[in-house]
Novice: 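The structure under discussion is supplied below as structure tokens; questions concerning it will follow.
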Amino acid sequence: MKKFFINKINKLIILTLFLLLGFGHLAHASNLKIEASKNSFDMEEEFYVDFSLDTEGLSVNGVEGSIKFNNENLSLVRIEEGKSVVSLWVEKPEITAENTIKFSGIIPNGFDGVIDPFNGSYKKPGLLFRAIFKGLKESSSAISAFPINTTLNDGMGTLVQTTSFDLSINITNNTNSHIIKNTSDTPPELDFQIIQNSDLYAGKYVLIFQAKDKEAGIASVKIKEGGRKWVEIESPYLLKDQSRHNSISILTTNYGGISIIKNIDGIPYKIFNKFNLLLLLGVIGLFILLRKIYKIKHDK
Amino acid sequence: MLRMNNLFLKYNRIFLFFVIFFICFPQILFSYTTDLHPVTITAYVGMEDPNAGGGGNNPGGGGSSGGGGGIGLDPNINLPTIVNFSGMAYPLSKVYILKDGNIAVTTIADPAANFSVSFSGLNTNTYTFSVYGEDSSGRKSSFFSFPIYITLGTTVNIGNIFLSPTIDIDKSEVKKGDNLVIFGQSIPKKEIVISVHSDQELFYKSTSNNMGGYLYNLDTSVLEIGKHQTKSKSILNESQISQYTTPLNFIVGTENKLKDKVECSLLRGDLNCDNHVNLIDFSIMAYWYKKQNPPPKIDLSSDGKISLVDFSIMAFNWTG
């Protein structure tokens, strides 16, 4: 009887080993780490929560997901993505109407962990974004992520299982007015182009841009076309003035309150185009003709 | 079978140990252990490399290595922050260095295929640097990516970057038994390993010429009718083997079809056909994100929608 059970156990072990050898790579997931400086905060006290990606050695190039929290206990003050390893956001981390932080972005050419050049053998998780919260009332609640998807940097966009553990936050009944300020000494950067492409707004003039601030993060990008008002925009942006004769100003502001303005000159009106030239010649010809008629009549 | 069972009975605990060990540390089994392109990463604080006089760089054992140290610092001195890149591409080829997805600097490799480039003016932060080469015909190598934490006042050397060869083929479909020409550029006068992948992976060898060019006439009579892939890598020495190129697809069939020369681009994700995958292409794809009926050329995964998968394919081919 004992031998029978031992045989069964051995078969189970062999099966487990084969499964691990054959399918172990499927279980090889990346992790979304949700971390705060501590777990207990006072009411009205601002604190940050970091959302970082630990790829566990895999090279990934895309990440998307949702973060949930209880808005009766916690209030989201702002989200900072300036120090993120994500270079291009498809959906910048923002709170939705359903009280969820949604995000989606890519890391061109892949990411498998941040290298510390003084300790090259170890790679650290990469920060996706930092959220600043404030406690509203004495409570205990969780900040959780679901679902989180990452894609392998394999040229096929293979989706990888990504796990995460909830972060528990306790809010005490004490009050603390600690505020986390967002300071920056450097101005934001803005790369932009006006393009026309048949697959983008049916070939109309479109402004595309990438605003960056590695310190504080980008608060807003606004545009002013000619005499129109400043409006906040996202890339790609369909220009209101399709004639392109009006000058364009783009105002980029970081969370530290520092702004830069970039100007694009309008296309000048062409005075001597074909039509205007013909019109001018016609007017001159008419003038000469009328003068001649006048002279003939006057001589008579 | 009885003997096997007796063996397991005897070594029951050892089996159990291995099972538990691999459950706890699966990455031991499945990590990428064939990393034969040892990029070296060293850093030091100050202006002069403390290792420079002591026998050169740390050769590194695999993937990347770190090291370096500090010198006595006067806090009033503003030390420069510099990142140096060096490695091998192809003779007189263009080498691009990207910072966070944007082209930061380009350089030309020397006739022996060596390149080195540096740039400064960085603040303390995490930067993702990527390196790739472009041969004389505009074909691109695979990409090296270095997400790295830079501290103000330090010099970081990223060396031994050994770029993959470039690769191209003369036909998109080849008649079984006819030759398929596989060619590209690499470091000069070195061995090139060409892999042809179908049911069974086949390896062929070629040698690059003085300018790094290589060419191999593949006799397709050994291949089955159907879809196949080919890729190549170059061998500098026993310890330095480049990454493989991105695989190219071809069909072994009943007729020869020359590869379409006017095809928009070899790069998947080059939506505006300018031989680069950059912010313009990203913006075009972002416009169609979650929209109905995206154009087929934008829907890279051909699943009828633009999702993270399509952006991922674009990110893999990103050239800045």
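The sequence lines fix the lettering, A, B, ..., with proteins before strands; numbering per chain opens at 1. Note that the structure is predicted; figures quoted are calculated from it, not measured. Basis for what follows: all heavy atoms, side chains included, without hydrogens, waters or symmetry-related copies.
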Novice: Hey, is the main chain of B/D100 close enough, under 3.5 Å, to the side chain of A/K212 for a donor-acceptor pair?
Specialist: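 Judged by distance alone, yes, a pair lies under 3.5 Å.
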Novice: Using atom types as modelled and distance alone, determine if a side-chain donor or acceptor of A/N61 lies under 3.5 Å from a backbone N or O of B/S312.
Specialist: yes
Novice: Using heavy-atom distances under 4.5 Å, tell me whether A/T186 contacts chain B through its side chain, its backbone, both, or neither.
Specialist: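 Answer is side chain: those atoms of A/T186 sit under 4.5 Å from chain B.
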Novice: For A/I195, is it the side chain, the backbone, both or neither that has a heavy atom under 4.5 Å from a heavy atom of chain B?
Specialist: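 Only the side chain of A/I195 comes within 4.5 Å of chain B.
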Novice: Taking it one step at a time, do A/K214 and B/Y127 satisfy side chain to side chain contact (heavy atoms under 4.5 Å, CB included)?
Specialist: CA-CA 9 Å; A/K214 298 283 274 185; B/Y127 298 90; 3.7 Å; yes
Novice: Among B/D310, B/L308, B/I313, find the one that has a side-chain contact (heavy atoms from CB on, under 4.5 Å) with A/T151.
Specialist: B/L308
Novice: Taking the side chain as every heavy atom from C-beta outward, state whether B/F282 and A/I208 have any pair of such atoms under 4.5 Å apart.
Specialist: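 Side chain of B/F282 against side chain of A/I208, heavy atoms only: no contact under 4.5 Å found.
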Novice: Answer whether the closest heavy-atom distance between the side chains of B/N102 and A/D191 falls below 4.5 Å.
Specialist: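 A side-chain contact under 4.5 Å exists here.
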Novice: Distance check, rounded to the nearest 0.5 Å: A/I107 atom CD1 versus B/W318 atom CH2?
Specialist: 12.5 Å
Novice: Check whether any side-chain heavy atom of B/N125 sits under 4.5 Å from a side-chain heavy atom of A/E215, and report yes or no.
Specialist: yes
Novice: With a 4.5 angstrom heavy-atom cut-off, is it the side chain or the backbone of B/I298 that approaches chain A, or both, or neither?
Specialist: side chain
Novice: Verify, without hydrogens or angle tests, whether A/D199 (side chain) and B/I284 (backbone) share a donor-acceptor contact under 3.5 angstrom.
Specialist: no
Novice: What distance separates A/F118 CZ from B/Y149 OH, expressed to the nearest 0.5 Å?
Specialist: 11.0 Å
Novice: Using non-hydrogen atoms only, which part of B/S307 is less than 4.5 Å away from chain A: side chain, backbone, both, or neither?
Specialist: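 For B/S307, no heavy atom lies under 4.5 Å from chain A.
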Novice: Using heavy-atom distances under 4.5 Å, tell me whether A/Q210 contacts chain B through its side chain, its backbone, both, or neither.
Specialist: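 Both backbone and side chain.
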Novice: Measuring heavy-atom distances to chain B, does A/N197 have an atom under 4.5 Å in its side chain, in its backbone, in both, or in neither?
Specialist: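 Side chain only.
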Novice: Only pairs of heavy atoms separated by less than 4.5 Å count here; which of A/F111, A/F209, A/Y201 has the most with chain B?
Specialist: A/Y201
Novice: Find the distance between NZ (A/K124) and OG1 (B/T126) and round it off to the nearest 0.5 Å.
Specialist: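 The OG1 atom of B/T126 is 6.5 Å from NZ of A/K124, to the nearest 0.5 Å.
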Novice: Can you say whether B/K290 sits under 4.5 Å from chain A via the side chain, the backbone, both, or neither, judging by heavy atoms?
Specialist: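 Side chain of B/K290 only, per the 4.5 Å heavy-atom cut-off to chain A.
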Novice: Which value, rounded to the nearest 0.5 Å, describes the distance between A/L88 atom CG and B/M285 atom CE?
Specialist: 12.0 Å
Novice: What part of A/V86 lies closer than 4.5 angstrom to a heavy atom of chain B: side chain, backbone, both or neither?
Specialist: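 Neither; nothing under 4.5 Å.
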Novice: Would you say the side chain of A/P117 lies within less than 4.5 Å of the side chain of B/T42, judging by non-hydrogen atoms?
Specialist: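 Sidechains of A/P117 and B/T42: no contact.
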Novice: Can you check whether B/F143's main-chain N or O pairs, donor with acceptor, with A/N109's side chain at less than 3.5 Å?
Specialist: no
